[in-house]
There are 2 protein chains.
Amino acid sequence: MATIRDVAKTAGVSIATVSRVFNGNTAVNEDTALQVWAAASALDYWPNGAARSLTTSRSNTLGVLLPDLFGDFFSEVIRGIDQLAKREKYQTLVSGSHASVEDVLAATRAMRGRIDGLVMMAPDSITVESVAKIRRRLPVVLISPPFAVDGCSSVSVASFSGARAVVAHLVGLGHREIAMVAGPAGNVDAEERLRGYRRGLLEAGIPPRDELVVQGDFRESSGYAAAAALLDRRPRPTAVFAANDCMAIGLMSALGNAGLSVPHDVAVVGFDNITMAQYMRPPLTTVHVDAYALGQKAVRLMLDTLADPEGGKVTVQTIDVILKVRSSCGARPAVATNLPAGPKTEPQR
Amino acid sequence: MATIRDVAKTAGVSIATVSRVFNGNTAVNEDTALQVWAAASALDYWPNGAARSLTTSRSNTLGVLLPDLFGDFFSEVIRGIDQLAKREKYQTLVSGSHASVEDVLAATRAMRGRIDGLVMMAPDSITVESVAKIRRRLPVVLISPPFAVDGCSSVSVASFSGARAVVAHLVGLGHREIAMVAGPAGNVDAEERLRGYRRGLLEAGIPPRDELVVQGDFRESSGYAAAAALLDRRPRPTAVFAANDCMAIGLMSALGNAGLSVPHDVAVVGFDNITMAQYMRPPLTTVHVDAYALGQKAVRLMLDTLADPEGGKVTVQTIDVILKVRSSCGARPAVATNLPAGPKTEPQR
DNA sequence: TGAATTTATGAAACCGTTTACATGGCGCTC
DNA sequence: GAGCGCCATGTAAACGGTTTCATAAATTCA
């Protein structure tokens, strides 16, 4: 494997010159440069990245830590990250399934010296101190963090306002008994969506009631299970807001099995707008979250931080969401009389 | 940022001893080791990965090159790769959207010195020489390669046999006018599926006809477009096999718009079994490909190669596929009389 | 008790780069 | 023609680890 020394010898120059040619920052005589290029390609020389980052203490690599790599949502986040990073000549050291704080710390430690910054969607159990600890050695950008950390830019999803909009829409359709399948306790987005749901009800003059909220875990099965609990309520809820699409799908499936028709008997709304949502029967009304943009923004913030490491400029951004009205919310409760005409369904794509 | 020297000074030992403590291969006196640990945690010392891989010429990192990071399929491949790599204490340097050979070479070069091996699903335009060139410096494992390369293990999808099984199944249902929406020319899996389709027909005693094959590009829109071309054929095909699920979905959508019912008027079968397939109305009959296993197998082969670099043991594996019969293929052509009863639909999860 | 062996540790070379600094040659100016 | 500055290039010191080899102390053995 040819090293810079071999190239230098073959080209009849010093290693410093070869290095200069490859980095192109300092002036090198044109003829000399040509000889170096010739030697390099004759020997098929590739500079060694590890050596380079050892001296420069830069790696042109971003660490990416995610709790999971499963499903539409994360895959889009990664794609956004990868794409922008690539365009900006950064590589990405990706690692998924980090469930615990120790896990995150271990993974970060293992990346020490090979990344310039860390983009992280931390597990719910993360603590301020652990992030702060990492931040002391590395620029860190957080995705959907449960708290602010000194010196960390972050980007979140507008879960609260999305949920509020869902409830407002349902109320507009005449619903008053609106239930919710919540996400896992401790998850920021789950809690924001729950908060938004409650706020939405309050704003409509409807007192939120705890017995209308069923705990879920973001997975389809928990949506399915939630149906049973909700159908027991008297009066029966006329609409259900699930904290994400997977649970909404599970819920719809259970409702179907129970002989109820969506949206006629029960309206259903989800959150995330995963690809599948538009293919459901009926197509699922949901809140569109641009996961690709989420990933991209995170990288953009990281690049900003890297460009001005001491600037300490910290940006806290939120990705806007859009209510995507399809047919699953179309039911008007039986009691409703002269409400505005049925739902507008948007064209699917 | 503490280095090994700082730890050595604090602990009152030499850097060699600190190194030994951290790598735990050579015997170190227990008390000394404790002092080193204490010093290290007091200084919050993390070994520098770049420096380490410079001396050891190992990075415990795998490079992962994919043509795209979009959609269910690739996301599962990555998950499989990431999961096994993580379990085996490897990190993954991931890079997507590599369209050209130059792109692949550039990305690989940029990884030089920071990866121990490369797992790659190459773009269709890849050449044997470029892979061989990479192989000269790095262990390489290929996913779905268009050709064999000396010294490269590889893992592919059983596209041929899957397609054959699809045709056999359709023939079994009584279809004889079976059309195909093919994948992009040059793509191995697309071509294998086409080959399997033709073989399937031949085995049923039906001569394959080129006018029943419409070119697609694996995207939904091309499936949609294909419908128009196929519906012009006389006699009209009674069944269409799409080379992947996305195209099948587009196709079904177009058929619906044309007032045709699936499976009654036209049977449709896809390939890949993406998550959405089971949620279609009617649920899509397709060929299940375990993308997660594909990623895992690739890493497994890489680990084998790394464990015995000079062994030259090359393994060429194929991931088996399973025909997943749902309802979209259920139509029996009008001419059919006493064929076996309708399709068995498998429970959806 | 002295030689032989083992054990724990340290000194120093090395991995492949980048880069601050030194140097030598050349063209200008006065 | 001496002095000066500039340009192209080389020398050598990092960067932060690992590992070989030497060595001193501790242990074993006759």
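In the text below, chain A, chain B and the rest are named by the order of the sequence lines, each starting its count at 1. As a basis for the values below, the full set of heavy atoms in this structure was taken, side chains included, without hydrogen atoms, waters or symmetry mates.
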pair [X]-[Y]: side-chain heavy atoms closer than 4.5 Å:
X     : Y      : answer
B:Y45 : B:D6   : no
B:N23 : B:R52  : yes
A:D44 : B:R137 : yes

Classify the nucleic acid contact of [X] as base, sugar-phosphate or nothing, counting any heavy atom under 4.0 Å across all strands shown.
X     : result
B:T26 : nothing
A:V28 : sugar-phosphate
B:S57 : nothing

Protein N or O to nucleotides 14-17 of chain C N or O, pairs below 3.5 Å:
from   : atom 1 : to    : atom 2 : distance (Å)
C:dG16 : N7     : A:R5  : NH2    : 3.3
C:dT17 : OP1    : A:Y45 : OH     : 3.1
C:dT17 : OP1    : A:N48 : N      : 3.2
C:dT17 : OP2    : A:I4  : N      : 2.7
C:dT17 : O5'    : A:Y45 : OH     : 3.2

What is the distance from [atom1] of [X] to [atom2] of [N], rounded to the nearest Å?
X      : N      : atom1 : atom2 : answer
A:R58  : C:dT18 : CZ    : P     : 13 Å
A:R114 : D:dG17 : CZ    : C1'   : 12 Å
B:R20  : D:dT18 : CZ    : C1'   : 10 Å
A:D31  : D:dA8  : CG    : P     : 12 Å

Picking from C:dA8, D:dA8, C:dG10, which would you name as closest to the side chain of A:A27?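 Nucleotide nearest to A:A27's side chain: D:dA8.
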Residue list, side-chain contact (heavy atoms from CB on, under 4.5 Å) with B:F147, at least two apart or on another chain: B:I126, B:V128, B:V131, B:V149
N or O in side chain of B:S14 less than 4.0 angstrom from C:dA11 OP1/OP2: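 Answer is no, no contact under 4.0 Å.
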Over all atoms of both residues, closest heavy-atom pair of B:S95 and B:M111: CB-CE, 4.2 Å
Salt bridge or not between B:D290 and B:K297? Use side-chain N to carboxylate O under 4.0 Å. no
